[in-house]
Amino acid sequence: MTTPWRPESRGMLTVHRVNASELNVRLAQDIAQRLTAAIHVRGVAVLSVSGGKSPVALFEALRVIDIDWSCVRVTLVDERCVPGTHPDSNALLVKTHLLQDLAAKAQLVFMVPNTTEPLDTPATLAKAAGIALNAAGVADVLVLGMGTDGHTASLFPEAPNLAEALDLRNTQTCMAIELKHPPANAPYARVTQTLAQILSARHIVLPLSGADKLHTLQHAWPHATPKLPISFVLQQTQTPVALWLAN
């Protein structure tokens with residue numbers, strides 16, 4: 001019988017194995033403690049979050065923790081180029097599942113304007129998003145996700161400008177990503193933080209669950225490859241990354 005693969009902590013990467021039923025509550029408590037510490041030091045905390053279905057349970061666990069949410073700015077790791085009221089907007093997802101209960105006092109920094117007016121081009125939206133993120137400040141905690149294809153944020157393996165988005169010499173905060181073959185359930189151009197911007201965070205967390213994602217993680221573990229963009233986060237030695245794995 002083959003022994004299941006178990007990643008171990010190394011360098012800037014720390015591995016936490018947590019019972020699946022406790023993962024979101026324990027990670028929420030960890031994030032809340034880091035935000036509180038940032039508020040004590042700087043008077044404000046910045047939490048950068050990813051969209052999609054995966055972080056919903058984490059958001060709902062985090063929003064009921066009693067911290068000074070009025071001092072928290074919430075930014076987005078990436079966004080679809082749709083109005084903020086669109087059902088597929090990451091901003092709407094964050095407002096619906098995170099900025100409720102005690103966390104309703106937090107300030108949301110939009111990546112795409114919260115307007116019903118026609119949107120600018122993705123490249124123009126990316127420039128404006130970069131200005132907004134820079135004004136919000138450095139992320140104290142940045143929550144990443146990972147797809148089974150190895151993408152993170154909107155850094156997709158097949159993106160035509162992926163190499164530029166992954167280049168740590170790239171001084172752009174955000175970039176537009178327009179996929180030739182976008183996911184059928186979200187066929188939109190996107191705005192994403194670049195890898196350099198993601199790694200400017202003070203602390204990165206990556207929660208993962210499910211055998212399919214563990215399989216992808218195993219392939220991304222040995223070395224950085226554009227075929228699995230998350231591997232560039234796992235292999236870097238600049239920023240602390242906490243990998244939270246559901247047992």
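Nothing here was measured: the structure is a model prediction, and the numbers come from that model.
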Please tabulate, one pair per line, all N/O donor-acceptor pairs under 3.5 Å involving side-chain atoms of residues 101-111, not counting sequence neighbours.
residue: Asp101; atom: OD2; partner: Arg63; partner atom: NE; Å: 2.8

Q | Nearest-0.5 Å distance, SG of residue Cys81 to CD1 of residue Ile177 | A |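 Going from the SG atom of Cys81 to the CD1 atom of Ile177 covers 10.0 Å.
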Q. How is the hydrophobic cluster of Leu92 composed, in terms of its other members, when Ile, Leu, Val, Met, Phe, Trp and Tyr link through side-chain heavy atoms under 4.5 Å apart, directly or indirectly?
A.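 So far as hydrophobic clustering goes, Leu92 is joined with none.
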Q | Residues clustered with Val44, ILVMFWY side-chain links under 4.5 angstrom | A |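 Joined to Val44, directly or through intermediates: none.
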Given 3.5 Å as the limit, does a donor-acceptor pair link the side chain of [X] with the main chain of [Y], or not?
X	Y	result
Ser200	Gln197	yes
Arg80	Arg190	no
Thr239	Leu199	yes
Asn170	Glu164	yes
Thr148	Lys213	no
Gln193	Leu76	yes

[X]: partners by side chain to side chain donor-acceptor pair (under 3.5 Å), with sequence neighbours left out:
X	value
Asp30	Arg34
Thr96	none
Ser89	Glu79
Thr121	Thr124

Q: Decide whether Thr75 and Ser48 meet the rule of one side-chain donor and one side-chain acceptor closer than 3.5 Å.
A: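 Distance-only check passes for Thr75 and Ser48.
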Throw together a table of side-chain donor-acceptor distances under 3.5 angstrom for residues 153-161, partners on residues two or more places apart or in other chains.
residue: Ser154; atom: OG; partner: Asp78; partner atom: OD2; Å: 2.6
residue: Asn161; atom: ND2; partner: Ala176; partner atom: O; Å: 2.9

Q.
I need the full list of ring-ring contact (aromatic ring centres under 6.0 Å, His included) pairs touching residues 57-107, with sequence neighbours left out, sorted by first then second residue.
A.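 ring-ring contact (aromatic ring centres under 6.0 Å, His included) check on residues 57-107 returns His86-Tyr188.
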Q. So which pairs with a foot in residues 218-247 pass ring-ring contact (aromatic ring centres under 6.0 Å, His included), sequence neighbours left out?
A.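 For residues 218-247, and leaving out neighbouring residues, the ring-ring contact (aromatic ring centres under 6.0 Å, His included) pairs sorted by first residue read Trp5-Trp221, His16-Trp244, His215-His219.
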Q: Write out all pairs satisfying side chain to side chain donor-acceptor pair (under 3.5 Å) with one or both partners inside residues 127-138, taking only residues at least two apart or from two chains.
A: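 Output for this query lists Asn134-Thr173.
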Q: Please collect all side chain to side chain donor-acceptor pair (under 3.5 Å) contacts where either partner lies in residues 19-28, sequence neighbours excluded, each pair once.
A: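 Qualifying pairs, neighbours excluded: Asn19-Ser21.
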Q: Apply the side chain to side chain donor-acceptor pair (under 3.5 Å) test between Asp140 and each candidate in Arg42, Arg73, His203; give the one that qualifies.
A: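 By the side chain to side chain donor-acceptor pair (under 3.5 Å) criterion, Asp140 pairs with just one of Arg42, Arg73, His203: Arg42.
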Nearest heavy atoms of [X] and [Y], plus distance in Å:
X	Y	result
Val46	Leu35	O-CD2, 4.2 Å
Gly51	Leu93	CA-CD2, 4.4 Å
Gly84	Asn114	CA-OD1, 3.6 Å

Q. Going only through I, L, V, M, F, W and Y residues with side-chain contacts under 4.5 Å, is there a path from Met146 to Leu162?
A.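 Met146 and Leu162: one cluster.
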**Q.** Hydrophobic cluster identity match, Leu99 and Val64, side-chain contacts under 4.5 Å
**A.**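 No.
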**Q.** Carboxylate-amine/guanidinium contact Glu8 Arg17, below 4.0 Å
**A.**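 Looking at Glu8 and Arg17, the cut-off is met.
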